[in-house]
Amino acid sequence: MVKKILLSLTCFIFILKLSAQGNIENKANENDLISYKLPKLLISNSGKKISTPREWENFRREEIYSYFANNIYGIVPGELNFQEVEVLDFDKNALGGKAIRKQVNLIFKKGKKSVIMTLLIYLPNKKIKSPVFLAYNFEGNHSVNNDPSIIIYRSKENELTDEKHEESRENKRGGRESRWALNKIIDSGYGLVTIDYNNVDPDKNDFSDGIHSLLYNFGQIKPAKNEWGSISAWAWGMSRIMDYLETEELIDPKKVILFGHSRLGKTALWAGATDLRFSMVISNNSGCGGAAISRRRIGEKILDINTNFPHWFAKNFHNFNENESSLKVDQHMLIALIAPRPVYVASASDDSWADPEGEFLAAKEASLIYNIYGKKGIGIDKLPSTNTPFHGSVGYHLREGKHDVTDFDWEQYIIFANKHFR
Ligand code: GTR
């Protein structure tokens, strides 16, 4: 008994000590003794206090960005632009006449290697430049809609022409329609630009294929420890698509909204942090390595993600397996890199693997930067109840249900985009 009391007393004193340490102190979980201290957004590495957009942009932003680039996602070790654009299809009478459909190949070449990115574009059938959502899809362009004219992409390794494979590819046509709300998007005056993320870098632990191999130095077979993993490669791909969108007369390049779900939500955040041309970023259920605070260690942890997906991040990120507290950043700082552009973080109530509360807290902490710009960030302090969206410069909602993208999510993104663009 005396032992028990002594033990509880020691734990109590331990928690008190931790709470006295800093101002951004959070407890991960009611029943959890693990406390953590977030690195401070507004104090530079040399201890300087940041209070103006200029101070933020001139050095604090850069030191945070470069830390993420070298230690988490990996730097892109060179430059490569597409050499050719091949228009595969242009139809002014798509989706029953209300949309224009365009399909385009962006062709990248280096030595004997090449990568082809096949874009599927739907735009409202209007004579104005449309704002667009730019988003990767998981299972091929033809999974996004049932439209029989969507070209099925065949990668070189996957060039199986036998009937069985043809049939299985056909079966996926429209298979992911429920995640895309395409009619809502078009009816609200937005376009959708999408591409299978495997086109840029196949999602497997193999660095001999995809875009990585086009930027190797002589004799190199895998990225160096601070160089790009797959997420960084996918983010790079979004920027190259943006290069093309800037030349597309039917699209307003000042209104390109990045959207991504899950691993692609992580990608959207990193792409938005890297490339300032994207005017808005939406991350849906992005979780660990996306919007969720790593130090909470709730749901998926750095060790889990680096074990299950060893190719997603830079090799340097593996140094932080079971070692989150030695990171000089946490994911609220990734969201902050997008400021002052509007950013949306969305969670789902049953998606505990992605740690909804951790996603919310990161969005809340990132709001400090928006305040410096004279903008309202998220505007709330506590995780809201389900299906109650908040649309400041930082948007947030906790949708009821599982890890997914639903019509409810898209309705919020369209309202959010309308609010900031119109
Ligand atoms: C999960 C993974 C998450 C998330 C998700 C996805 O298995 O643990 O980090 O990215 O996959 O992309 O579907």
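In each ligand, atom 1 is the first atom listed, and ligand 1 is the first ligand listed. The model shown is predicted, which means the values in this text are computed figures rather than measured ones. All residue numbers in this chain count up from 1 along the given sequence.
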Would you give me the side-chain donor-acceptor pairs under 3.5 Å for residues 371-382, sequence neighbours excluded?
| residue | atom | partner | partner atom | Å |
| --- | --- | --- | --- | --- |
| Asn371 | ND2 | Ser367 | O | 3.4 |
| Asn371 | ND2 | Lys375 | O | 3.0 |
| Tyr373 | OH | Glu57 | OE2 | 2.3 |

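- Scored by the side-chain hydrogen bond (donor to acceptor under 3.5 Å, both in side chains) test, Ser283 finds Ser286 as partners (sequence neighbours excluded).
- For the pair Lys184 and Asp187, the salt-bridge criterion is not met [side-chain N within less than 4.0 Å of a carboxylate O].
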Pairs under 3.5 Å, nitrogen or oxygen of ligand 1 with protein nitrogen or oxygen:
| residue | atom | partner | partner atom | Å |
| --- | --- | --- | --- | --- |
| ligand 1 | 8 (O) | Glu300 | OE1 | 3.0 |
| ligand 1 | 8 (O) | Glu300 | OE2 | 2.5 |
| ligand 1 | 8 (O) | Trp353 | NE1 | 2.9 |
| ligand 1 | 9 (O) | Lys266 | NZ | 2.8 |
| ligand 1 | 9 (O) | Glu300 | OE1 | 2.6 |
| ligand 1 | 9 (O) | Glu300 | OE2 | 3.4 |
| ligand 1 | 10 (O) | Ser262 | OG | 3.2 |
| ligand 1 | 10 (O) | Arg263 | N | 3.1 |
| ligand 1 | 10 (O) | Lys266 | NZ | 3.3 |
| ligand 1 | 11 (O) | Arg263 | NH2 | 3.4 |
| ligand 1 | 12 (O) | Ser262 | OG | 2.7 |
| ligand 1 | 12 (O) | Arg263 | N | 2.8 |
| ligand 1 | 12 (O) | Arg263 | NE | 2.5 |
| ligand 1 | 12 (O) | Arg263 | NH2 | 3.3 |
| ligand 1 | 13 (O) | Ser262 | OG | 3.0 |
| ligand 1 | 13 (O) | Arg263 | NH2 | 3.1 |

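- Ring pair Phe416/Tyr344: centre-to-centre distance below 6.0 Å.
- Under the side-chain contact (heavy atoms from CB on, under 4.5 Å) criterion, Ile107 pairs with Glu84, Glu86, Asn105, Lys109, Ile116, not counting sequence neighbours.
- Asp201 and Gly210 get closest at one heavy-atom pair: OD1-CA, 3.9 Å.
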